[in-house]
Amino acid sequence: MGGSSSTGRGKTKGSSPRAMTPVEEVDISAVRYKPPTLQAPHLTGFSLRTFLWLMESPLLGPLITSVLKSQNNMPQMLQQTAIPERPMYYPEYPPQDPEPGVVLVGEDRHPVERVHEALQYLPPYDPSVRWPTEEKLPFLYWKIRDFAHAYRSGITTPSVVAEHVIAGVEEWNNKKPPMPMLIYFNADDLRRQAEASTKRFEQGNPMSILDGIFVAIKDDIDCFPYPTKGATTFFDQIHTVEKDAICVARLRKCGVIFIGKANMHELGLGVTGNNPNYGTARNPHSVDRYTGGSSSGPAALVSSGLCSVAIGTDGGVAVFDCYLNSATGSVRIPSALCGIVGFKTTYGRTDMTGVLCDSGTVEVASPLASSVEDATLVYSAIAGSRPMDKLTLRPSPLCVPNLLSPDNSNILGSVKIGKYTEWFHDVSDREISSTCEDALNLLCSTFGCQIEEIILPELEEMRTAHVVSIGSESFCDLNPHYRAGRRIMHYHLEAFKKVDVIATPTTGMTAPKIPPSALKSGESDYVVSAYLMRFIIAGNLLGLPAITVPVGHDKQGLPIGLQLIGRPWGEASLLRVASAVEELCLKKRNRPSTFYDILQATLESPSSIMSPRRGIFGSKNR
């Protein structure tokens with residue numbers, strides 16, 4: 001994907017390694033985008049089982065691996081390329097300028113205090129707008145503040161809501177074939193948590209705005225007393241959960257109700273969400289399609305309305321030898337395909353202790369939410385670097401945007417958006433990039449933002465470096481010298497000297513169909529995986545913050561997400577722009593074909609505290 005000016009002379013058999021031009025000498029203006037050429041078989045069912053059998057053969061396995069690597073230019077990049085820059089073992093950033101129009105929330109403060117601080121700088125909550133009397137309204141998700149209002153006003157209780165959540169989860173679990181959103185679910189435990197929350201409201205002493213909010217936790221994050229399986233059939237036998245992961249513990253201190261361990265692509269080894277072990281979670285917008293992965297269950301739960309927020313992990317791991325592939329963007333991809341918000345923070349912003357891949361250099365625990373507002377509130381609760389990362393990474397202060405500032409519109413108007421046009425339009429259907437382009441143009445016409453053309457060289461090398469990085473962190477069998485992140489970081493930081501955010505479609509295709517033969521044995525589809533990961537990798541390899549916001553649907557009614565990539569530690573600025581995009585595109589969001597209107601259901605239930613007639617507190621079109 002890079003031009004010849006950045007990679008130097010080609011490699012011929014028997015010649016010396018290909019020498020890359022020193023990064024400072026690369027003429028970026030001369031770089032030309034080259035769409036990737038992908039070669040790998042699409043395998044499911046019997047063909048996949050046969051392929052795996054051949055791969056395990058001591059004679060045929062290495063031969064097949066060698067052929068696949070050669071077809072995809074891997075040996076030349078990994079073994080026959082001389083990189084003049086020193087390797088970068090983890091993301092390293094120069095000091096960043098302070099963000100404009102933000103509020104410090106202080107990562108050393110108690111999570112409840114941070115959430116309360118973030119709450120003060122959101123637009124005022126108006127029940128008359130969120131709970132109108134009209135019957136027909138545009139589709140909107142209920143937000144955290146809607147549930148909080150319902151609890152505080154006596155409209156309903158966490159215990160009443162819990163019964164509807166339980167009914168929805170069990171409905172999905174009992175489908176044929178099974179489509180479980182959760183791998184571990186205990187209805188009695190959920191009721192106990194909800195009862196405790198209900199009592200706090202009855203006593204007038206809720207812990208925070210998050211008290212009574214239902215949250216799912218991806219199955220690679222410890223949430224005591226639930227087991228952590230990583231969606232495998234064995235991991236819980238060798239890994240004992242003794243306490244919450246740090247991010248989970250911070251949410252628990254805020255009164256969150258955990259509904260269980262959410263389904264995922266096994267060990268995060270894929271981007272579709274396919275899981276033959278427990279059943280494959282389905283996309284609420286079209287149940288014959290994938291959710292995307294690896295945070296498949298979290299995305300399905302939020303998209304279907306069963307919970308406002310879920311915690312996933314964005315990073316993933318790689319199968320290098322067999323598939324020449326990696327899993328990344330594990331929050332942003334499923335969020336985009338399911339029509340919700342997925343927010344990946346800067347690497348090191350959140351303490352990863354208690355997460356399956358807690359020692360890697362690409363993975364971050366991140367919120368999936370129905371709105372940017374909810375992602376902001378949960379981010380303010382779970383953020384906070386581990387002590388070692390504070391010393392080595394030197395994170396900028398933890399901030400959230402001040403959306404009440406009188407300068408908010410002016411700040412948005414000064415934003416410069418970077419767009420690499422040729423890359424932007426390298427999608428399976430131009431409808432995807434055109435929808436994203438329309439959202440950007442609407443943002444610019446409304447606030448006066450500017451779109452600046454940028455060039456990002458060596459995108460193919462970035463993909464390869466990411467495969468090696470996460471593959472070596474998972475299997476510890478590759479030399480870290482091959483990590484070309486130092487060069488890629490340089491190109492992105494140079495771009496950020498011109499622009500404030502970089503915009504791309506989140507994925508190069510909308511939700512792919514699930515082949516029936518893939519349900520029992522799994523699937524390997526390199527072309528689909530590459531389209532899903534086309535714009536994702538910089539956020540993981542370079543550790544940059546990134547967010548996906550739903551901006552429309554394709555002709556089949558499948559969601560399209562716009563990705564915004566920010567400067568290191570620039571989460572607050574990213575959230576401000578994302579919030580503006582979301583607001584402008586609200587009317588373009590469609591209700592999923594499978595949707596549980598939990599709050600409305602509680603109002604119509606005989607067990608509800610109040611039993612208003614339909615439409616007083618919500619509507620079926622909500």
Side-chain angles (χ1 to χ4, degrees), residues 101-103 105 111-134 137-158 160-161 197-198 200-202 204-215 251 254-257 302 305 307-309 340-341 343 367 369-381 399-406 408-409 412 549 572 575-576 578-587 589 597-603 608-610 612 615-619 621-622:
V102 301
V103 178
V105 294
V112 169
E113 295 176 351
R114 295 203 302 262
V115 171
H116 181 74
E117 188 74 13
L119 184 65
Q120 306 310 305
Y121 296 93
L122 294 176
Y125 181 77
D126 185 352
S128 66
V129 173
R130 296 295 298 175
W131 301 76
T133 57
E134 292 88 277
L137 297 171
F139 170 72
L140 294 174
Y141 280 96
W142 295 108
K143 296 182 180 181
I144 286 172
R145 289 199 285 178
D146 294 319
F147 282 91
H149 172 75
Y151 297 154
R152 286 163 172 77
S153 303
I155 295 172
T156 190
T157 71
V160 173
V161 173
S197 179
T198 297
R200 291 193 291 271
F201 280 102
E202 290 174 348
N205 191 32
M207 291 183 177
S208 75
I209 194 74
L210 298 181
D211 203 337
I213 301 302
F214 291 77
V215 175
L251 288 173
C254 296
V256 157
I257 297 173
V302 175
C307 60
S308 298
V309 180
I340 59 174
V341 173
F343 180 38
S370 58
S371 65
V372 175
E373 176 182 303
D374 288 356
T376 301
L377 290 173
V378 172
Y379 162 65
S380 66
C399 303
V400 294
N402 180 358
L403 299 182
L404 297 180
S405 169
N408 193 52
S409 293
L412 282 169
V549 182
L575 288 167
R576 171 180 279 108
S579 180
V581 171
E582 176 188 49
E583 187 67 27
L584 292 171
C585 297
L586 270 183
K587 293 183 179 179
R589 294 181 77 173
D597 197 335
I598 294 294
L599 269 185
Q600 180 63 33
T602 65
L603 301 176
S608 177
I609 290 179
M610 300 180 67
I616 289 183
F617 293 104
S619 78
N621 294 306
R622 191 171 180 78

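Fair warning: this is a prediction, and the values are worked out from it, not measured in the lab. FYI, the numbering just counts along the sequence from 1.
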Using the side-chain hydrogen bond (donor to acceptor under 3.5 Å, both in side chains) criterion, which residues pair with Arg114? Sequence neighbours excluded.
none
Please name all residues satisfying side-chain hydrogen bond (donor to acceptor under 3.5 Å, both in side chains) with Asn205, sequence neighbours left out, ordered by chain then number.
none
dist Leu251:CG -> Ser208:OG (nearest 0.5 Å) comes out at 9.0 Å
Atom CG in Asp146, atom OG in Ser308: separation rounded to 0.5 Å?
8.0 Å
Not counting sequence neighbours, which residues clear side chain to side chain contact (heavy atoms under 4.5 Å, CB included) with Ser370? List them please.
Tyr141, Val302, Asp374
Salt bridge (Lys or Arg N to Asp or Glu O under 4.0 Å) partners for Glu113, two or more places apart:
Arg109
Please report the closest heavy-atom contact between Ala375 and Ala369, naming both atoms and the distance.
N-CB, 3.7 Å
Atom of Ser371, atom of Val341 and distance for their closest heavy-atom approach
C-CG2, 3.8 Å
Apply side chain to side chain contact (heavy atoms under 4.5 Å, CB included) to Tyr121 and list each qualifying residue two or more places apart in sequence or on a separate chain.
Val103, Glu117, Asn402
How far does CD1 of Ile598 sit from CG of Leu603, to the nearest 0.5 angstrom?
11.0 Å
With sequence neighbours left out, what residues match His149 under side chain to side chain contact (heavy atoms under 4.5 Å, CB included)?
Tyr125, Pro127, Trp131, Ser153, Ile155
Run the side chain to side chain contact (heavy atoms under 4.5 Å, CB included) test against Glu583 and tell me which residues pass, sequence neighbours left out.
Leu586
With rounding to the nearest 0.5 Å, note down the distance linking OH in Tyr151 to CG in Asp211.
9.0 Å
Any side-chain heavy-atom pair from Pro158 and Arg200 closer than 4.5 angstrom?
no
Stepwise, does the side-chain contact (heavy atoms from CB on, under 4.5 Å) test hold for Arg145 with Arg130?
CA-CA 10 Å; Arg145 289 199 285 178; Arg130 296 295 298 175; over 6 Å; no
So which atom in Ala118 and which in Val105 form the shortest heavy-atom distance, rounded to 0.1 Å?
N-CG1, 4.3 Å
Can you name the side-chain hydrogen bond (donor to acceptor under 3.5 Å, both in side chains) partners of Ser579, sequence neighbours left out?
none
State, yes or no, whether a side-chain contact exists between Thr376 and Phe343 at a heavy-atom distance under 4.5 Å.
no
What do the steps show when you test Ile144 against Val378 for side-chain contact (heavy atoms from CB on, under 4.5 Å), and what is the final call?
CA-CA 10 Å; Ile144 286 172; Val378 172; 4.2 Å; yes
Only counting residues at least two apart or in another chain, list the ones meeting side-chain hydrogen bond (donor to acceptor under 3.5 Å, both in side chains) with Glu582.
none
Who passes ring pair (Phe, Tyr, Trp, His ring centres under 6.0 Å) against Phe214, sequence neighbours left out?
none
Within the structure provided, determine whether Ile257 and Val161 are in side-chain contact (heavy-atom separation under 4.5 Å).
no
Got a second to check how far Lys143's NZ is from Leu599's CG, nearest 0.5 Å?
13.5 Å
Does Leu122 reach the side chain of Leu119, with side-chain heavy atoms less than 4.5 Å apart?
yes
Roughly how far apart are Gln600 CD and Thr156 OG1, rounded to 0.5 Å?
11.0 Å
Hits for ring pair (Phe, Tyr, Trp, His ring centres under 6.0 Å) against Phe147, two or more places apart or cross-chain, chain-then-number order -> none
